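Notes follow once the structure below has been shown.
Note on naming: letters A, B, ... go to the chains in the order of the sequence lines (proteins, then strands), and numbering restarts at 1 for each one. Bear in mind that the values here come from a model prediction, so they are computed numbers and not experimental data.
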Protein chains: 2
Amino acid sequence: MVGIKDVARQAGVSVGTVSNVINRPDLVAEETRTRVQSVIARLGYVRSESARQLRAGASRIMALLVLDMGNPFFVAVASGAERTARAAGLGVMVCNSAQSVSEEQEYLSLFAEQRVRGVLVTPADPTGRSLDGLRSQGIPFVLVDRVSADASVCSVSVDDVAGGRLAVQHLIAAGHRSIVYVGGPPEVTQVHDRKAGALAALAEAGLPADSLTEISAERLDVAAGRDAGSRLLGLGRRPTAVFCANDLLALGVLQAMFAARISVPDEMAIVGYDDIEFAAAAAVPLTSVRQPAVPMGRLAAEMLLEETVGDPAEHRHRQTVLQPELVVRGSSLPSR
Amino acid sequence: MVGIKDVARQAGVSVGTVSNVINRPDLVAEETRTRVQSVIARLGYVRSESARQLRAGASRIMALLVLDMGNPFFVAVASGAERTARAAGLGVMVCNSAQSVSEEQEYLSLFAEQRVRGVLVTPADPTGRSLDGLRSQGIPFVLVDRVSADASVCSVSVDDVAGGRLAVQHLIAAGHRSIVYVGGPPEVTQVHDRKAGALAALAEAGLPADSLTEISAERLDVAAGRDAGSRLLGLGRRPTAVFCANDLLALGVLQAMFAARISVPDEMAIVGYDDIEFAAAAAVPLTSVRQPAVPMGRLAAEMLLEETVGDPAEHRHRQTVLQPELVVRGSSLPSR
DNA sequence: GCGGATCGATGAAGCGATTCATTCGTTCGG
DNA sequence: CCGAACGAATGAATCGCTTCATCGATCCGC
């Protein structure tokens, strides 16, 4: 493997000069520069990032750890973050904790070993303990789709309470009085907040809290939604509407309704959450609470860059909260 | 940042011993080992991967470069590859070329600088020139979802001609005689091969080649499919069936039919390709050609590991071709 | 013609780990 | 009782690069 020394020898200059040609070309005389550059091209020299890193003390990589790469919502977040990071000259390492605390732990220590520049993370561990490692290593991080309890952490999130309220306000307005909330593992903040919003909407409309029944799915994916859908049909008094903690669940519920020949929206209205691309293409186009996923990724990356590139003392941690938006489609509109 | 020297000093041993405690614990006396380990824990020491790498000459990362992270098919490939790589102790860096040759180029040089252990790649550049860089750097790579022209490259792919044939045989059997193929950029091999399979099916059935009209989409995503769908409706003689080069296109076409109030499958049958999870959850569940995406990722990673871990001289390059499978659903079944 | 400024290039000192030849004690066999 | 053998720890060399103090050469002004 050809190194900087080989280039230096071939070009008849010192290694320092080769380094300057690469990193600060204006310090090198025209003639020398072109000579070195042509040797670099001829030998196919590629500088070793690890050696650079070792010297520099930090890598040029930003890590992104998401809960579920199978969820297009996170793919969208990733694309927003990636674009921003790459524009700043950083590579992005996207990893998937698959909602597992142990996978998350493994990835976080991998990141620490890599001395990544910073981490964007949607924590799987509800205790927040998993991030202590990063903190003690002094690796900056930004929470994505989560707000932190303490103000010493940057975060970008969407107002899930507002989103849940939007969804249920809409269902109430359409006349529904018996609604099921399909949630996920209760320790996931989103699941909790969206329900809180739903309850708030009921309260504001003067409806009793028991108008909302909760069904808890094992995981937040389509298969779990299918399962929740069939459990829902087993309920004593069948509800007329379902609000799901995300679109994957909603699509699963929709499939279950389809299989049981229950008409959506006439016999069962469905509202999802995230407004992933596939929501609009679903069996019945899905009403959903849209989250600004791409901007979220972008903002998170920007905050991290600010913390990491600028003067750290000058950085002010902040918690950005974005607003969701209801997108009404066929799954909740009474057919004419 | 605490380094190995700090640990050594605190534990009253040499750096070499600390290194041994970490990498070859059995070489170190019990008592010393535990002492060092406790100091490591106390100081929160994390070894620097870049220093290791510099010494070792190669990193512990496998790169995966896919065409479109928005396509769940590639997400599935990634998950297969990731599981395998991590089981072998390698990290995975998943990147998205978004079908752009220049992005691809950028990522490949990033990989070269990182001295990644190997690369799994679905090339965006149809000339295959983009991989010359890897070759000349001696970085092993495996083509995913592509077969290479020359036998000196490992690849894992699915028989796209067979897949196209399956799809169109099915449509012919259902009585369709005027079929549209929604393809993508013609230089994409998959798009070409699936069409070739379609034509083969026509020929085998004794039908004229002009039973198949091609509409070429700009890109292989839902929006392009929507667009292709409306163009399709503008054709002089409206076809009775569409075969799409992938499911995203098919979902887009489906949306266009929906918008134009054209019944699927009665007025228009649709067959997609990939059988992504969302195909089954679509407006009308989508008939699709299933590709074994997860096994493809797994196999590709295994081949790369074989090439990279074992004795390179001993490695035999091979081209694995998997078989697709037709999954029939509502979008191509005449309703009763 | 000489001191000082300027420009280009040099070469050595690290960055943080791994590795291996070496050293230092102990123990054991003869 | 001595040398060999062995176990445990050492410490220096090394990986490839960046950086910075330094050095040489050229040029300018007085």
Side-chain angles (χ1 to χ4, degrees), chain A residues 1-37 39-40 43-61 89 109-110 112-117 137-139, chain B residues 1-37 39-40 43-61 89 109-110 112-117 137-139:
Chain A
M1 175 126 286
V2 26
I4 202 172
K5 276 190 271 191
D6 305 290
V7 175
R9 196 173 324 118
Q10 286 276 327
V13 297
S14 72
V15 292
T17 302
V18 176
S19 175
N20 280 334
V21 167
I22 298 170
N23 301 301
R24 300 127 85 190
D26 42 325
L27 289 190
V28 181
E30 169 80 29
E31 195 247 352
T32 316
R33 192 188 329 141
T34 56
R35 180 156 42 97
V36 172
Q37 279 164 340
V39 174
I40 287 179
L43 299 187
Y45 165 72
V46 177
R47 76 174 156 204
S48 154
E49 185 60 27
S50 34
R52 280 194 95 194
Q53 253 177 59
L54 176 56
R55 191 86 229 297
S59 83
R60 309 178 49 72
I61 289 191
S109 32
L110 182 67
E113 291 192 354
Q114 303 268 357
R115 302 284 192 271
V116 298
R117 196 65 147 274
Q137 295 300 315
I139 298 177
Chain B
M1 176 128 285
V2 27
I4 201 173
K5 277 190 272 192
D6 306 292
V7 175
R9 195 173 324 116
Q10 287 275 328
V13 296
S14 73
V15 293
T17 301
V18 177
S19 175
N20 280 335
V21 168
I22 298 170
N23 301 301
R24 299 126 86 190
D26 41 326
L27 289 190
V28 182
E30 170 79 29
E31 193 248 349
T32 315
R33 193 187 331 140
T34 54
R35 180 157 40 97
V36 171
Q37 280 165 340
V39 173
I40 287 179
L43 299 188
Y45 165 72
V46 177
R47 75 177 156 202
S48 154
E49 185 59 28
S50 34
R52 286 193 92 195
Q53 252 176 61
L54 176 56
R55 192 87 229 295
S59 82
R60 308 178 50 71
I61 288 192
S109 29
L110 182 67
E113 290 191 354
Q114 304 268 358
R115 301 283 192 273
V116 297
R117 196 64 147 277
Q137 296 298 317
I139 298 177

Could you state the [atom1]-[atom2] distance from [X] to [N], rounded to the nearest angstrom?
| X | N | atom1 | atom2 | result |
| --- | --- | --- | --- | --- |
| B/Lys5 | C/dT18 | NZ | C1' | 14 Å |
| B/Arg47 | C/dT19 | CZ | C1' | 15 Å |
| A/Gln53 | D/dT18 | CD | C1' | 14 Å |
| A/Asn23 | D/dC20 | CG | C1' | 14 Å |
| A/Leu54 | D/dT14 | CG | P | 17 Å |
| A/Arg52 | D/dC17 | CZ | C1' | 9 Å |
| A/Ile22 | D/dT18 | CD1 | P | 6 Å |
| A/Glu49 | D/dG16 | CD | C1' | 12 Å |

Closest approach of [X] and [Y], non-hydrogen atoms and distance?
| X | Y | value |
| --- | --- | --- |
| B/Tyr45 | B/Ile4 | CE1-N, 3.5 Å |
| B/Ala11 | B/Val36 | CB-CG2, 4.1 Å |
| A/Ser14 | A/Ala8 | C-CB, 3.8 Å |
| A/Gly44 | A/Val2 | O-CG1, 4.3 Å |
| B/Ser50 | A/Gln53 | CB-OE1, 3.4 Å |
| A/Ile139 | A/Ala112 | CD1-CA, 3.7 Å |

Practice task
Five pairs at each end of the helix from C/dG1-D/dC30 to C/dG30-D/dC1: take the axis at both ends and give me the angle between them to 10°.
Solution key: 60°
Problem - Sugar-phosphate only, base, or nothing, as touched by B/Ser48 at under 4.0 Å among non-hydrogen atoms - result: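 Contact class for B/Ser48: sugar-phosphate only.
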Handout entry: Sugar-phosphate, base or nothing in reach of A/Arg24, heavy atoms under 4.0 Å
Key =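 Result for A/Arg24 = sugar-phosphate.
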Handout entry: Donor-acceptor contact below 3.5 Å, side chain B/Arg33 vs main chain B/Val21
Key = no
Handout entry: Donor-acceptor under 3.5 Å (B/Arg115 side chain, A/Glu49 main chain)
Key = no
Completion exercise
Under a 4.0 Å heavy-atom criterion, the protein footprint on nucleotides 5-13 of chain D, written with B, S and -, is ---SSBB--
Practice task
Report the distance from atom CG of A/Leu54 to atom OG of B/Ser48, rounding to the nearest 0.5 Å.
Solution key: 6.0 Å
Exercise for the section: Kindly compute the distance separating CZ (B/Arg117) from CZ (B/Arg60), expressed to the nearest 0.5 Å. Expected result: 6.0 Å
Problem - Closest to the B/Ile4 side chain, choosing from D/dC17, C/dA17, D/dG16 - result: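 So the side chain of B/Ile4 is nearest to C/dA17.
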Problem - Any A/Ile22 side-chain heavy atom under 4.5 Å of A/Arg52 side chain - result: no
What are the atom names and distances for every N/O pair under 3.5 Å that joins the protein to nucleotides 21-23 of chain D?
none

